[in-house]
Amino acid sequence: MTVSSPFKPLELRADEVHVWLVEPERIDDPRLLAAYLPLLDVQEREKQRRFHFERHQRQYLVSHALVRLTLSRYAPVAPEAWRFVPNEYGRPAIVGPEGQWLRFNLSHTDGMALIAVGRDVDLGADIEDAQRPGETVEIADHYFARTEVQALRALPKERQRERFFEYWTLKEAYIKARGAGLSLPLDQFAFDLVPGQMPAITFDPRMGDVPEVWQFVQHKPSERHQAAVAFRRPRGGALTVRWQHTVPLVGDSPPRFVNV
């Protein structure tokens with residue numbers, strides 16, 4: 001199994017964002033997992049080893065191999081040759097000429113990971129396991145905007161958890177697209193979710209942002225997972241988000257994207 005040759009170039013148009021999804025727990029071939037490890041750099045391998053549980057080691061390994069192998073679909077760089085530098089909030093960016101135009105964002109949770117890729121566009125993505133245990137509405141009470149809390153509380157109790165994760169993934173995707181992480185206050189921007197329409201965002205004046213430049217897309221890639229992508233609209237208008245399930249290094253034929 002070769003891991004050093006770049007893939008056949010895949011076109012990434014300026015009016016598209018591509019999202020690649022993988023289910024790490026379903027990858028149990030030792031040869032495949034062993035092929036992923038040399039793709040990671042020294043720091044990534046050390047961090048992967050520090051996870052206590054094997055499933056977390058696998059999640060980290062598969063998701064970071066996904067990043068490198070996916071980026072090599074769009075630029076003539078070997079997967080193991082990619083180099084990254086974090087900004088002051090920890091978000092990685094590509095080092096080298098490809099970093100001038102190629103943007104990406106990684107997110108992972110129990111059961112699934114994704115990478116969103118775009119051309120010359122600020123983007124963020126988030127995926128969450130909506131069936132994980134823990135508080136949901138109570139978190140919203142403390143951190144979400146007042147209008148979101150009111151809309152959440154107005155739903156039947158059995159629907160509140162699902163709506164919470166819709167809000168949460170959208171908020172995470174937005175703050176990651178801004179590149180500032182949780183330094184942005186979650187209660188100073190709010191989403192309005194109307195069936196059949198794209199999510200709409202509003203801002204507190206203190207945010208210094210305007211709704212018109214942003215586009216958001218939601219997706220449920222499985223029964224238990226909720227995902228969202230955020231990006232600044234290009235001058236030409238809206239972008240199309242195309243989704244693809246994959247197993248890194250397996251099935252490298254041309255992808256069959258699903259538009260959402």
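This structure is a prediction, so every number in the text was calculated from the model and none was measured.
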Is [X] salt-bridged to [Y], going by a charged N under 4.0 Å from an acidic O?
{"X": "E172", "Y": "K176", "value": "no"}
{"X": "D15", "Y": "R119", "value": "no"}
{"X": "E44", "Y": "R68", "value": "yes"}

Between V241 and H219, is a side chain to side chain contact (heavy atoms under 4.5 Å, CB included) present by the stated rule, with each step listed?
CA-CA 10 Å; V241 179; H219 184 46; over 6 Å; no
Would you kindly confirm whether [X] and [Y] end up in one hydrophobic cluster when ILVMFWY residues are joined by side chain heavy atoms under 4.5 Å apart?
{"X": "V210", "Y": "F189", "answer": "yes"}
{"X": "V95", "Y": "W101", "answer": "no"}
{"X": "L37", "Y": "V250", "answer": "yes"}
{"X": "F191", "Y": "V194", "answer": "no"}
{"X": "L106", "Y": "Y89", "answer": "no"}

R58 and D28: salt bridge (Lys or Arg N to Asp or Glu O under 4.0 Å), yes or no, with the steps?
CA-CA 9 Å; R58 183 178 305 193; D28 55 8; 5.9 Å; no
Set out, in order, the CA-CA distance, both residues' side-chain angles and the distance that settles side chain to side chain donor-acceptor pair (under 3.5 Å) for D120 and Q100, then state yes or no.
CA-CA 8 Å; D120 294 315; Q100 301 301 311; over 6 Å; no
To the nearest 0.5 angstrom, please state how far the [atom1] atom of [X] sits from the [atom2] atom of [Y].
{"X": "H245", "Y": "E23", "atom1": "NE2", "atom2": "CD", "result": "6.5 Å"}
{"X": "I127", "Y": "L114", "atom1": "CD1", "atom2": "CG", "result": "5.0 Å"}
{"X": "L170", "Y": "E148", "atom1": "CG", "atom2": "CD", "result": "9.0 Å"}
{"X": "Q150", "Y": "L155", "atom1": "CD", "atom2": "CG", "result": "12.5 Å"}
{"X": "L21", "Y": "T246", "atom1": "CG", "atom2": "OG1", "result": "9.5 Å"}
{"X": "F216", "Y": "Y174", "atom1": "CZ", "atom2": "OH", "result": "7.0 Å"}

Is a side-chain donor or acceptor of [X] paired with a backbone partner of [Y] at a separation under 3.5 angstrom?
{"X": "N87", "Y": "A93", "value": "no"}
{"X": "H142", "Y": "E138", "value": "yes"}
{"X": "S183", "Y": "A180", "value": "yes"}
{"X": "R55", "Y": "G111", "value": "no"}
{"X": "R45", "Y": "L40", "value": "yes"}
{"X": "E128", "Y": "T169", "value": "no"}
{"X": "H225", "Y": "D110", "value": "yes"}
{"X": "R26", "Y": "V22", "value": "no"}
{"X": "Q215", "Y": "L239", "value": "yes"}

Flag if over 12 foreign heavy atoms under 6.0 Å of [atom1], [X]:
{"X": "E223", "atom1": "CD", "answer": "no"}
{"X": "F84", "atom1": "CZ", "answer": "yes"}
{"X": "K47", "atom1": "NZ", "answer": "no"}

Hey, are the side chains of [X] and [Y] touching, using non-hydrogen atoms and a 4.5 Å cut-off?
{"X": "L71", "Y": "I94", "result": "yes"}
{"X": "R91", "Y": "P86", "result": "no"}
{"X": "D122", "Y": "R178", "result": "no"}
{"X": "V137", "Y": "L152", "result": "yes"}
{"X": "P38", "Y": "E80", "result": "no"}
{"X": "V17", "Y": "V19", "result": "yes"}

Nearest heavy atoms of [X] and [Y], plus distance in Å:
{"X": "R232", "Y": "V121", "answer": "O-CG2, 3.3 Å"}
{"X": "P24", "Y": "Q59", "answer": "CB-CA, 4.0 Å"}
{"X": "P248", "Y": "L32", "answer": "O-CD1, 3.7 Å"}
{"X": "L193", "Y": "Y167", "answer": "CD1-CE2, 3.8 Å"}
{"X": "A75", "Y": "E98", "answer": "CB-CG, 3.7 Å"}
{"X": "A173", "Y": "A228", "answer": "CB-O, 3.8 Å"}

Derivation and outcome, side chain to side chain donor-acceptor pair (under 3.5 Å), residues H18 and Y74
CA-CA 11 Å; H18 293 178; Y74 300 100; 2.8 Å; yes
Chi angles and distances behind the salt bridge (Lys or Arg N to Asp or Glu O under 4.0 Å) call for D41, R83
CA-CA 8 Å; D41 63 26; R83 296 294 178 263; 5.2 Å; no
Intermediate values then yes/no, side chain to side chain contact (heavy atoms under 4.5 Å, CB included), W20 and R73:
CA-CA 11 Å; W20 298 77; R73 292 179 179 273; 3.5 Å; yes
Output, in order, the C-alpha distance, side-chain angles, deciding distance and verdict of salt bridge (Lys or Arg N to Asp or Glu O under 4.0 Å) for E166 and R163.
CA-CA 5 Å; E166 291 182 7; R163 179 55 56 89; 3.1 Å; yes
Can you tell me which residue among L10, L123, L12 is in a side chain to side chain contact (heavy atoms under 4.5 Å, CB included) with V117?
L12
Report the C-alpha separation of L33 and I27 in whole Å, then their side-chain angles, then the decisive distance to 0.1 Å, and conclude whether the side chain to side chain contact (heavy atoms under 4.5 Å, CB included) test is met.
CA-CA 8 Å; L33 295 170; I27 301 175; 3.9 Å; yes
Test side chain to side chain contact (heavy atoms under 4.5 Å, CB included) on Y36 and L249; report intermediate values, then the result.
CA-CA 9 Å; Y36 295 156; L249 292 179; 3.8 Å; yes
Go through the side-chain N and O atoms of W168 and T136 and say whether any donor and acceptor fall under 3.5 Å apart.
no
Examine the side chains of S107 and D126 and answer whether a donor and an acceptor come within less than 3.5 Å of each other.
yes
Run the numbers on Y60 and H64 for ring pair (Phe, Tyr, Trp, His ring centres under 6.0 Å), then give the verdict.
CA-CA 6 Å; Y60 186 93; H64 285 76; 3.8 Å; yes
Any chance you could lay out the ring pair (Phe, Tyr, Trp, His ring centres under 6.0 Å) test for F231 and W214, step after step, and finish with the verdict?
CA-CA 6 Å; F231 43 85; W214 289 98; 8.4 Å; no
